[in-house]
Every structure is written in C-alpha cells, then in structure tokens.
Protein chains: 2
Amino acid sequence: MNVNGAHFRTIWLHPDDTAVIQIIDQRHLPHQFIIENLTTVAEMARAIRDMHVRGAGLIGAAAGFGMYLAALAAPRDGFLAHTLTAAQELKATRPTAVNLAWAVARQLKVLDGAPPEQRIQTALNTAQAIADEDADFCRRIGEHGVSLLADISRRKNGEPVNILTHCNAGWLAFVDHGSATAPIYVAHDQGIAVHVWVDETRPRNQGARLTAWELGQHGVPHTVIADNAGGHLMQRGLVDIVLTGTDRTTYTGDVGNKIGTYLKALAAHDNDVPFYTALPSSSFDWQIEDGVRQIPVEQRDAAEVRMIQGLHDGEIKQVLLTPPDSPAVNYAFDVTPSRLVTGLITERGICPASAEGVLGLFPEKRKG
Amino acid sequence: MNVNGAHFRTIWLHPDDTAVIQIIDQRHLPHQFIIENLTTVAEMARAIRDMHVRGAGLIGAAAGFGMYLAALAAPRDGFLAHTLTAAQELKATRPTAVNLAWAVARQLKVLDGAPPEQRIQTALNTAQAIADEDADFCRRIGEHGVSLLADISRRKNGEPVNILTHCNAGWLAFVDHGSATAPIYVAHDQGIAVHVWVDETRPRNQGARLTAWELGQHGVPHTVIADNAGGHLMQRGLVDIVLTGTDRTTYTGDVGNKIGTYLKALAAHDNDVPFYTALPSSSFDWQIEDGVRQIPVEQRDAAEVRMIQGLHDGEIKQVLLTPPDSPAVNYAFDVTPSRLVTGLITERGICPASAEGVLGLFPEKRKG
C-alpha cells in the first residue's frame, strides 16, 4: 500500500544486496518512518519478539525470510541441524501466532527435500512465495469481503458504512492489503463511502499508531476511539459492522486475537451488529477444537501497561502511567468463542464460524 | 483515607481561613500530591470541569462548597439572583453527574428559606453537611458491601477474593471511603484477603493513576490491567466479582458510569461473574426510567484520546499517541442496562437493580 504516495510492502529483499532483508520498523510509527536492515536470524528473531514487525501475516513472512537468513549462514555440513536451531529460535519469539510455526515448518520441509547446492535459492524462493501468497490472499479477502460493505451501503442509501476495528489487521500486519482492512480499501477505492472507528488498542496502541496511520495514508475517513467506547457506539447505532483480524482461529471458528476483541464481540452480539473476522487460511489452526481453552495466550512485559510512548517536542518519549510501585499484568490476546462470530472472510470466500462452514471452504482439511 | 500515613478528605474548609476551600488537585496524581486553594465560584467551576476534582460524590461536595463561595461573594441585595447564576455555572460543568444538580438544588432550597443574616453560615453548614453525609453514606456502603466479599472469601477458603473495578470509584471520587472501594477497604481492614484488578480506564486513566495510587497507599494488593483485559480474566476464572461506581443510576437500575463499564458488564454476564454497582442514594436519578436512552452522555475533548500524560525524567509530560492529523472522539460514559447488573450496594443495604428493588430500600421515593 501507499506511504507518502509510494508503494511499499512491509518486508522485502534488499534490491541491491541479497544478504539483506528490509522491513518497516513499526515501533516508530506513526511518528517516524524508518526502514531497518536485517542480516541474521538473531536480528530477525529480535525484530519479531520486540515487534519491529508484528501481525499474523507479516510474522509468517518474517519467519520465512528468517529461515532464508539461516540458510545463508548455515554450514554445508550440518545444514539441517543449523536451520532446525534457527527454526526453534524463530518459533519461540511469539507463541500465539500460528503463522510463525506454519512458515517455519514450510521452509524446513522444502529445505529437507532440496539438493544441497540449491538450498539457499530454495529458501529464498520459499520466503518470497510465502510473502507473495500472503499479499495475494489478502487481496482476495478484500474482493470477497467488500460485498458485506456494499450490502450495508445499499441498505443505508449510500450513507457512510461505519466499521469498527480493533488492533491493526491492516497491511502493516501482513505483507500488503491487510486482512480486516482489505475489504475497506477495496470499498473505498470503488467509491463506497466508509468510515472506520479505530480502537486505540491498549497497551501497545496498534490501532492509534498503525491503523490510523495507514488509513490516513490511503485517505480513508476514520476516527480514533478509546477501547472502552465500542459498546456505547453500538448501543447508539453508530457501528454497522465489526471487522477484526486474528492471530489464530480454530477450524471450529474460535477467534484468538488482540486482547479486548472478545469484549467487542460481546457488545456486537448484544446490539445485533455483525461481527466478522478476516483471515488468510494460514491463520487457521486445523488441530484444536476449543479455542477458549486451548489457544495459548502470551503474557508480555508488564512495562507495556505501565508505560506508554508518544511524541513530545518532536521526539518519541516513554512516560510512566501508574504509581511507580503498582504491579501490572499484560495478557496480549483473548479468544472470542465462535457463537459470537457472524462469519469469517477468507481468501476463498465468506463462511460461518463453524467447523462445517470452514471445512466447506477448505474440504482438503477434512480428517479421515 | 490515608496519604503517606496521614488522614485526608478530598475537599475541606481551610483550617485557618473560612474564605478558602482546599482540594487535592487530582490531575497530578499519582506522580505529585498537590493541594489547591479555591476562593471563587469560577475557580470551583474550573476545578470541576477540568477535573482537578472528579467522581460522583466529590463533584456533589464541590458544588456544595462552590455554592458557599457564591454566598460569600453575593451582594446582600440580589443575593438569590447571584446564587442562581452561580448554580447555573456549576451545573454546566459536567452534564452527566446527577450529584452536581442535586447538591446545587439543595443549597438553593435552604438559601431561599434562610434569613438574610444567616445565609453565609447556612451555605457553609449545608456544604459541610453534604460532605459529611457523603462520607457517612460511603462508610455504610462499605459495611453493607463487605458481606459479598466475605461470602466469596468463605467459598474460596480464604484464598484472595479477586475484584475487578473500572475507573476510580474510590475515596478520591467521594469525600472519603469511596463507593466501590468502601467494601474493599473494610474487607482488607477485617483481614479478608482481597486482590483488585484495576482497569487503567482510558482515556483519562483514572484507574491507573488514582485507584492504583489510593489502594497502594492503603496497602491493598492490586494489579493494573489494560481495559481490554477484563473479558479474558473472567474467561479464565480470575475475577470473582466486578465492583463499580456510577455517575448516575436510574431508579430502575440502569447504570451510567465511565465509558467501558458496559463492556465489563457484558463479560461478567457471559461468564457468570456477579456485577455490582455501589452508590450513595444521591447518585440515583428518580425521574427517568430508561437509562440507555435517557441518560445524557458527555463528549469531552478529543485531545484526551489523542494525548496522554505521564512521568518522564521526573516531570509530568504529555505525549501524542496518534498521527497528528487523525481525528478522535471522546465519549466519557456509557450506560449498562439493569439486566446485566446483579445488584446495587447503597447506604441502606444491597438490592436488585430494578425499580422494585430500589424502591424497596427507598420507599419514600414511590410516586403517587
């Protein structure tokens, strides 16, 4: 998507140096636009763990490129042992994100089958393929999902469709287009009037920092709100649809996503507002059935709750929000049970949030 | 309650100067403890509007003392016209708070009946009475409400009772004791093990700043969480009871409170967690029946969403959280419908959140 009018992806091979992967270091947005060079698995692992890159699809692409950096550095003898160690290091960075394990496993499988002299090129091709597929799946999510917004727009006689979104499931969370934002960008580009309520998404404020920034760069009307505001907006009829992304969704339709998503789903259900989650199929967990009990929820550093960063006198500064001796905890995700999810928007179309619905679109995943 | 071991109320007559009202200027907490002197209605109105003082009971007490400052400055001829103008100025500061209008009306009524030479003393006596009653009602709320915590403690064999609270309904929101915190302080003082999940309560962070501070000053174990976390905690069985305050509750049991309360009530209902609201009877609205439709919800400055303040290098600084050109809105309250409220804790006891329940405790309010 666009940054100051120029097209960018969130991760790419350095155009002049095939030993370097470039990313947008998202920690500095919206205040500074900084591109970072990564040359080792350790650098990529840190970039994922410390959230220079974040978001379901982008983490997968980053892990794919991380495995390419591992292949570049691996000795010819002991190549597979080296890449297995790298795989463990990358997988340990963010336990909730299913795309991470999926991308790493895909690289290990093709590297295991590749002739030794083609391993590096195979790893690069696979990393590029993971990135390209992510962008392509998001593009298709947009094409399918726009029908929901077009229907609402028709019902409202062209009045703006009010969409509430949580966290950043935008192009910054993927390689391009985004998941939850993809239908919004398509609608906006087709001339359908849309307006996005952007949850600021404490504690890391991915909504206020990233979603607001990328919508603004694309010219999409939007308003930032405190995470607390969504229920009131829905009670007042000011939300037509909730669109979120996901870090991991079970094939039975339980949606693991940024902490607070469950609260918005409850409010949507209580006010008859449709609640949709958009995801490429790489974000499905095809094994577990009960997301609320079984999806692991990462606890991050309490400092992310106690402190916040923002711009002061032109510089990014951290400020302390709590008393110096008050403890805090920081659960990063929650799980929205399928009963609260109206539907899932995938690269193959829209389906109910149920095993029947999901396996209807992905019949090759049926067991037995 | 205690500040560094010394007893304080939130508002009081200057001990050496009866023309001065003193308050804790809560804007600087938890980082700085500053006492402010107020000598005019305009200063009191600004202190209320700009939230030097805030919270249902304290706003009422502040309005009561504001009317005393008006009486002090009023000419002997035209006294009532002067105080009526002051009443309008004070009432306009925070439209949602019912205590404000209640305290002002009480002062106007007694001033209207007082002999001219006793008006100033009457205004002072009434202001003191409003403050004393507020403290006394909160004390009694604590005595009634502690039974709920003691019951849970017994069921848990003395394991800590986990209480989730939103915003600050502590002693800082009243004259003393607080509403939602009153049962917690009583339980803690009785040796019942309690632990409080403190919602930070964006956008103004009254939880992270004020509730965490006052609980810490009293030695009550607590943990600050993002507003988004409550649903997840309840899904995991980590919340035994939700206790909130209110800015205005209808006699039918609809609870107007800080934005985001409704979301927590939905999560409590979805997870069979009891949800109680504590309030002195001055916070009841005895007129309106449908809180969701009829309680006015204040919109505050969008800058409160876009900016946040905290401590940086020993100084309180404001930082910008959003892109400089992203709009924001700031609804300050929402209304939780009575169907989601397990009960109300008042100075007269605990009752169901219904007209029958409330009028059972306050039979003098029955109409006709």
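No experiment lies behind these values; they were computed from the predicted model shown. Chain letters run A, B, ... following the sequence lines, proteins first, then strands; residues in each count from 1.
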Given the options B/A267, B/P203, B/G260, B/A229, which has more heavy-atom pairs under 4.5 Å with chain A than any of the others?
-> B/G260
Below 4.5 Å, heavy atoms only, C-beta onward: do A/H166 and B/N228 meet side chain to side chain?
-> yes
Check: A/Y331 and B/L238 side chains under 4.5 Å, non-hydrogen atoms = yes
For residues 313-329 of chain A against chain B, heavy atoms under 4.5 Å, the residues are A/K317, A/Q318, A/V319, A/L320, A/L321, A/T322, A/P323, A/S326, A/P327, A/A328, A/V329
Looking at B/R339 and A/D270, does any basic side-chain N land under 4.0 Å from a carboxylate oxygen?
-> yes
CG/A/N271 to CG/B/L266 distance, rounded to the nearest 0.5 angstrom?
-> 8.0 Å
Whether over 12 other heavy atoms sit under 6.0 Å from A/H269 NE2 | no
Would you give the length of the straight line joining atom CD1 of B/I308 to atom CD1 of A/I308, rounded to the nearest 0.5 angstrom?
-> 4.5 Å
Decide yes or no for B/R306 and A/V224: does some side-chain heavy atom of the first lie under 4.5 Å from some side-chain heavy atom of the second?
-> no
Do other residues, nucleotides or ligands put more than 12 heavy atoms under 6.0 Å from A/H188 NE2?
-> yes
Given the options B/Q235, B/R236, B/M307, which has more heavy-atom pairs under 4.5 Å with chain A than any of the others?
-> B/Q235
Counting heavy-atom pairs under 4.5 Å with chain B, the top scorer among A/P337, A/G207, A/A226 is A/A226
Spacing of A/I225 atom CD1 and B/I259 atom CD1 [to the nearest 0.5 Å] | 8.5 Å
When the 4.5 angstrom heavy-atom criterion is applied to A/H222 and chain B, the contacting part is both
Determine the option with the most heavy-atom pairs under 4.5 angstrom with chain A, choosing from B/L340, B/V335, B/D334, B/L263.
-> B/L263
Which atoms form the tightest heavy-atom contact between B/E200 and A/V305, and what is the distance?
-> OE1-O, 4.3 Å
Looking only at A/V297, A/L215, A/V292, most heavy-atom pairs under 4.5 Å shared with chain B are made by A/V297
Could you look at B/L233 and say if it's the side chain, the backbone, both or neither that has a heavy atom under 4.5 Å from chain A?
-> side chain
Take atom CD in B/E159; do more than 12 heavy atoms of anything else shown fall under 6.0 Å from it?
-> no
